Novice: 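Below is the structure I would like to discuss, written out as structure tokens.
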Amino acid sequence: LPPGLEFFGDFARVWRERGQDVIFRGAPHFIVASAPVGALVGAPDCLIALSYFELFAHSLGVGTVWDGMAKWAINDILPQMKGRLGIPDDHAIGYAMAFGWPAVKYQRGVKRAPHKVILVK
């Protein structure tokens, strides 16, 4: 493992010893948003695309988790995975998201105080 990323070895140990998936959180599916290297707003475009994906997924009852660890692993530990995932060589990974049926079902959302809104005319 590259210097500074040795802790990723612990994730494999946790998987072997406890069967706990630290990187994908047990999600059966994974999506990676990428953009051409040098694109003016490539990274923000990827975040916006995944944000819409998350909203749509949740509307269908599908759970999501933003997966920075997977992005980190692909970029810094296994860059050859880009090709195996179908990401073009001239693209940079913007971010990744794992998704599937949620393990937890919330009966209701969190009750919050009303937002203070100031209208300026």
Side-chain angles (χ1 to χ4, degrees):
L1 293 169
L5 297 178
E6 295 86 1
F7 65 91
F8 268 86
D10 294 335
F11 301 158
R13 181 183 49 76
V14 170
W15 173 259
R16 281 191 310 272
E17 294 174 4
R18 293 188 246 161
Q20 185 178 9
D21 181 3
V22 177
I23 296 180
F24 297 103
R25 302 291 183 192
H29 307 287
F30 182 61
I31 185 170
V32 177
S34 69
V37 173
L40 189 59
V41 288
D45 283 346
C46 291
L47 296 175
I48 291 166
L50 286 176
S51 294
Y52 275 97
F53 177 84
E54 181 178 38
L55 290 169
F56 181 63
H58 284 259
S59 77
L60 299 174
V62 174
T64 60
V65 61
W66 290 83
D67 206 338
M69 291 296 210
K71 176 188 180 234
W72 206 353
I74 295 167
N75 277 338
D76 299 332
I77 299 173
L78 297 166
Q80 66 273 21
M81 284 302 294
K82 282 179 63 178
R84 292 187 67 192
L85 293 171
I87 300 167
D89 290 336
D90 64 341
H91 276 222
I93 295 174
Y95 218 85
M97 184 175 284
F99 62 100
W101 298 118
V104 178
K105 174 85 171 160
Y106 295 99
Q107 298 304 315
R108 60 180 166 78
V110 177
K111 291 187 177 185
R112 302 191 188 278
H115 294 290
K116 182 179 179 182
V117 177
I118 299 171
L119 298 175
V120 179
K121 294 182 180 184

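Since the structure is predicted, the reported quantities are computational estimates derived from the model, not experimental observations. Count residues from 1 along the sequence.
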Novice: With a 4.5 Å heavy-atom cut-off, do Asp10 and Phe8 have their side chains touching?
Specialist: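 No, side chains not in contact.
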Novice: Leu47, Val32: one ILVMFWY side-chain cluster at the under-4.5 Å cut-off?
Specialist: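 No: no chain of side-chain contacts under 4.5 Å links Leu47 to Val32.
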Novice: Indicate if Phe24 and Leu78 have the same hydrophobic cluster label, given that clusters are the connected sets of ILVMFWY residues with side-chain heavy-atom separations under 4.5 angstrom.
Specialist: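 Phe24 and Leu78: one cluster.
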Novice: Linking directly or through intermediates, with side-chain heavy atoms under 4.5 Å: list the remaining ILVMFWY members grouped with Ile48, chain and number order.
Specialist: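 In the cluster with Ile48 are Tyr52.
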Novice: Can you name the nearest heavy-atom pair linking Ala35 to Gly42, along with the distance?
Specialist: CB-CA, 3.6 Å
Novice: Who clusters with Val41? Use side-chain heavy atoms, under 4.5 angstrom, across I, L, V, M, F, W and Y, and order the result by chain and number.
Specialist: Leu40
Novice: Ignoring hydrogens and angles, write down the donor-acceptor pairs under 3.5 Å from the side chains of residues 70-77, residues two or more places apart or on other chains.
Specialist:
{"from": "Trp72", "atom 1": "NE1", "to": "Asp76", "atom 2": "OD2", "distance (Å)": "2.9"}

Novice: Please report the interatomic distance CG(Asp67) to OH(Tyr95), rounded to the nearest 0.5 Å.
Specialist: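 It is 7.5 Å, given to the nearest 0.5 Å.
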Novice: Suppose we screen for side-chain contact (heavy atoms from CB on, under 4.5 Å). Which residues come up paired with Asp89, at least two apart in sequence or across chains?
Specialist: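 Asp89 satisfies side-chain contact (heavy atoms from CB on, under 4.5 Å) with no residue once adjacent residues are dropped.
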Novice: Tell me which donor-acceptor pairs under 3.5 Å the side chains of residues 53-62 have, and how far apart each pair is, sequence neighbours excluded?
Specialist:
{"from": "Glu54", "atom 1": "OE1", "to": "Trp66", "atom 2": "NE1", "distance (Å)": "3.2"}
{"from": "Glu54", "atom 1": "OE2", "to": "Thr64", "atom 2": "OG1", "distance (Å)": "3.1"}
{"from": "Glu54", "atom 1": "OE2", "to": "Trp66", "atom 2": "NE1", "distance (Å)": "3.3"}
{"from": "His58", "atom 1": "NE2", "to": "Thr64", "atom 2": "OG1", "distance (Å)": "2.9"}
{"from": "Ser59", "atom 1": "OG", "to": "Phe56", "atom 2": "O", "distance (Å)": "2.6"}

Novice: Sequence neighbours left out, what passes side-chain contact (heavy atoms from CB on, under 4.5 Å) with Ala27? Give chain and number order.
Specialist: Ala98
Novice: What I'd like to find out is whether the side chain of Phe99 reaches to under 4.5 Å of the side chain of Ile31, using heavy atoms alone.
Specialist: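 Of all side-chain heavy-atom pairs linking Ile31 with Phe99, at least one is under 4.5 Å.
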Novice: Pairs under 3.5 angstrom only: tabulate donor-acceptor contacts from the side chains of residues 112-120 to other protein residues two or more places apart or in another chain.
Specialist:
none

Novice: Applying salt bridge (Lys or Arg N to Asp or Glu O under 4.0 Å), name anything that partners Glu6, two or more places apart in sequence or on another chain.
Specialist: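 By the salt bridge (Lys or Arg N to Asp or Glu O under 4.0 Å) rule, Glu6 matches no residue at all.
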Novice: Table please: side-chain donor-acceptor pairs of residues 80-87 below 3.5 Å, with sequence neighbours left out.
Specialist:
{"from": "Lys82", "atom 1": "NZ", "to": "His91", "atom 2": "O", "distance (Å)": "2.6"}

Novice: Which residues satisfy the side-chain hydrogen bond (donor to acceptor under 3.5 Å, both in side chains) test with Arg13, sequence neighbours excluded?
Specialist: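 Arg13: side-chain hydrogen bond (donor to acceptor under 3.5 Å, both in side chains) contacts with Glu17.
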Novice: List the atom of Ser34, the atom of Cys46, and the distance in Å for their closest heavy-atom pair.
Specialist: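 For Ser34 and Cys46, the tightest heavy-atom pair comes out as C-SG, 3.5 Å.
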Novice: Looking at Pro28 and Gly100, what are the two nearest heavy atoms and their distance?
Specialist: CD-CA, 3.8 Å
Novice: Less than 4.5 Å apart, any side-chain heavy atom of Met69 and any of Phe11?
Specialist: yes
Novice: Can you get from Leu5 to Val14 by hopping between Ile, Leu, Val, Met, Phe, Trp and Tyr side chains that sit under 4.5 Å apart?
Specialist: yes
